[in-house]
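All remarks here apply to the structure that follows.
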Amino acid sequence: MKSTITVLMWMGVLASVCAQVVTTEHRLHLGFTNVSMRDSYLSSMPYEGVGMSFAHAASRSVSPENVRDLWLYGAALHLGVAQNPAGSAGMQSIVGEMRGGYVRVFRLRQGLWIEPGLQLQMDAGARNIARNVNNPANMVLSMDVRPIVRMLFDHYGLKLRMEVSSPLVGLMFVPDYGIGYYEMVSLSNWNRAFHLSSLHNRQGITGRIDMDFTVLDRDYYVGFYHQAIQYKANNLFFSDKQQGLVFGMRFESLRLKPANRNQIPSVKPY
Amino acid sequence: MKSHPLFILSAVLLLSSCLQQPDVESNDAEGNLHAAWRIIQEKYCYLSYKQINWDSVYIAYTAQLDTVKDDYQLFDHMASMLAELKDGHVNLLSDFNRSRYWNWYTDYPLHFQEELIYGSAYLGNRYRAVGGLRYERIHGGQVGYVYYGSFSNGFTRDQIREMLYYFRDCSGMILDVRNNGGGSLSYSETLASYFMQTTTHTGYIQHKTGPSRDAFSEPTPTYTPTDTALNWAKPVVVLTNRMSYSATNDFVNRMKQAPYAWVLGDQTGGGGGMPMTDELPNGWLLRYSASPMLDVNKNHTEWGIEPDAYVELNSLDVVRGIDSLIEAAVDYIAGSNK
């Protein structure tokens, strides 16, 4: 036992001399939402149902010396199952999301931090109405630059995290008004399918508020999630709204980073 | 300078107002009728080509709505309205019925009797059957005869290779697509590719670019590739009738450009609009023609494609168990090999 402690102490000393530690905070959650979807390419009718999401979000400081600037990255998978108002057809949606960005941390007052920044988000997926034999599916594809604001309130034992982002400019896929996927895919006619997006044709907001808590030395959180996006191009209207509860866990990973690469001795055979 | 935040806020609100959700009609008889009318008005591709006054149709059918008492009557009423389009690709589907317009073939003689092709003179009862194909060598093994009854029933390349190998000593092939109501366009393209010597321009397709009835894209050329390793470079006669529809219409359009092909029989039934679907507030499905397909001269194929030679089924031949169209095809193959 004594020798183990000694070894660990020496490792710690060595690490502090040779390396710096970069901490990454990971947040992993499972969400249950209600879903409201509209896809004019597939149907004139709105669809309502339930959804599920799995998400991973991570943030780490740009460098060990600079903890005010944070890199953000993450991925999510959103699944939805919905019905038309008459209940005669179902729509399924599956959308994957990848994002990366940067925020700067400002301390407003004791226990309150605000982190504004920018994020690049890519969404890819599909919506499907199996009953539509001739046009059963439509692709979801977009890339947005999003202003993002995160807030952290940590006071009197209460730890709340809020995050809001909204698409500002980007690129999105919307099929031409009456085109079939046969013409797009088989005949490579992608004219009028990709659109520059901004507030005039794509509006949305994604927000979440989480409350962190600890059970048996492990960090968890529960939160409320809301996402709404609507966009229009080629006389087609699309919307996707989800809101619900998320349950997640928080953990940190450590990475040893050499303090100064030039100080690492190099070995030359001759 | 202080007005800047207000200006930005107003700009955002102004831009936001561009994204209003499309209205959804009410789920009652009038709302559903209007939804069906609107979908056709905005998305159907042949209103101008067929010179249909769709507004008048709406007025006429709305005026009769008070005679509609239940869903069954509403369905029939809307089916009658949609039949004004004279389009076999327009269907209304509910849990209890599927409306259809069949006059594209019921108004004409079919020049086809199934019992004739399964008679001893042709397929007999020892024919080969793979995928959707039925084939046999006829006329003393001189001609290969294939009946393909649906482009919904597929085939594989190996199956086609076996068939062409079976016909290797034949001087020509008859490809009978009478009474073939269509199916998958990809089978149409693939089957035609075995008869092309090079990748061939075989037509065009358009699509609507907006709700206005004349908003169409520029025609996109369609090509039929060639299967260089598996290729029929002998005469092939395609037999057609008024029931050769939709994907079969597309197949005939492609075969018109094949170098050794000859189309014989009656005009095809048409169905040149690639269909899409939408929904009504009561959950019924509405299928309609969305993308018109054109021939190489940019003519619509909605009303069908004329054969290279019209041949009718002779009633005296029928009594003798002979199919006049197949016999004419055999004569053509014999003549083209002289």
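The analysis underlying the following values was restricted to heavy atoms, covering all of them including side chains, and did not include hydrogens, waters or symmetry mates. Convention: sequence-line order gives letters A, B, ...; per-chain numbering from 1.
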Do other residues, nucleotides or ligands put more than 12 heavy atoms under 6.0 Å from the [atom1] atom of [X]?
X      : atom1 : answer
B/D55  : CG    : yes
A/W113 : CH2   : yes
B/D70  : CG    : yes
B/Y72  : OH    : no
A/M122 : CE    : no
B/E30  : CD    : no

Exercise for the section: Take A/R38 and B/V24 through the test side chain to side chain contact (heavy atoms under 4.5 Å, CB included) and record every step on the way to the result. Expected result: CA-CA 11 Å; A/R38 194 132 185 215; B/V24 177; 3.3 Å; yes
Check each atom of [X] against the heavy atoms of chain B and say whether the ones under 4.5 Å are side chain, backbone, both or neither.
X      : answer
A/N189 : side chain
A/R131 : both
A/F238 : neither

Part of [X] within contact of chain A (heavy atom distance under 4.5 Å):
X      : answer
B/E218 : neither
B/L286 : neither
B/D23  : backbone
B/P221 : backbone

Problem - Between A/N235, A/V133, A/L236, A/N191, the one whose heavy-atom pairs under 4.5 Å with chain B are most numerous - result: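 Between A/N235, A/V133, A/L236, A/N191, the count favours A/N235.
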Practice task
Against chain A, work out which of B/I39, B/N27, B/L280 has the most heavy-atom pairs shorter than 4.5 Å and name it.
Solution key: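 Among B/I39, B/N27, B/L280, the one with the most close pairs to chain A is B/L280.
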Exercise for the section: For A/E183 and B/T220, test the side chains for any donor-to-acceptor distance below 3.5 angstrom and give the result as yes or no. Expected result: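 Yes.
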Problem - Donor on one side chain, acceptor on other, A/N134 and B/T277, under 3.5 Å - result: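 No, no side-chain donor-acceptor pair sits under 3.5 Å.
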Practice task
Just do the side chain to side chain contact (heavy atoms under 4.5 Å, CB included) check on A/Y182 and B/M274 with the steps written out, would you?
Solution key: CA-CA 9 Å; A/Y182 165 77; B/M274 190 183 290; 3.2 Å; yes
To the closest 0.5 Å, what do you measure between [atom1] ([X]) and [atom2] ([Y])?
X      : Y      : atom1 : atom2 : answer
B/E279 : A/I129 : CD    : CD1   : 5.0 Å
B/K43  : A/S40  : NZ    : OG    : 6.5 Å
A/R192 : B/H207 : CZ    : NE2   : 6.5 Å

Would you say the side chain of [Y] lies within less than 4.5 Å of the side chain of [X], judging by non-hydrogen atoms?
X      : Y      : result
A/S44  : B/R38  : yes
B/Q21  : A/P46  : no
B/P211 : A/Y177 : yes
B/D278 : A/M45  : no
B/T209 : A/N234 : no

Practice task
Locate the shortest heavy-atom distance separating B/S291 from A/G180; write the atom from each residue and the value.
Solution key: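 Looking at all heavy atoms of both residues, the shortest contact is OG-N, 4.4 Å.
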Exercise for the section: Taking all non-hydrogen atoms of both residues into account, name the closest pair between B/A290 and A/G178 and its distance. Expected result: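 Nearest heavy atoms, B/A290 then A/G178: CB-O, 4.2 Å.
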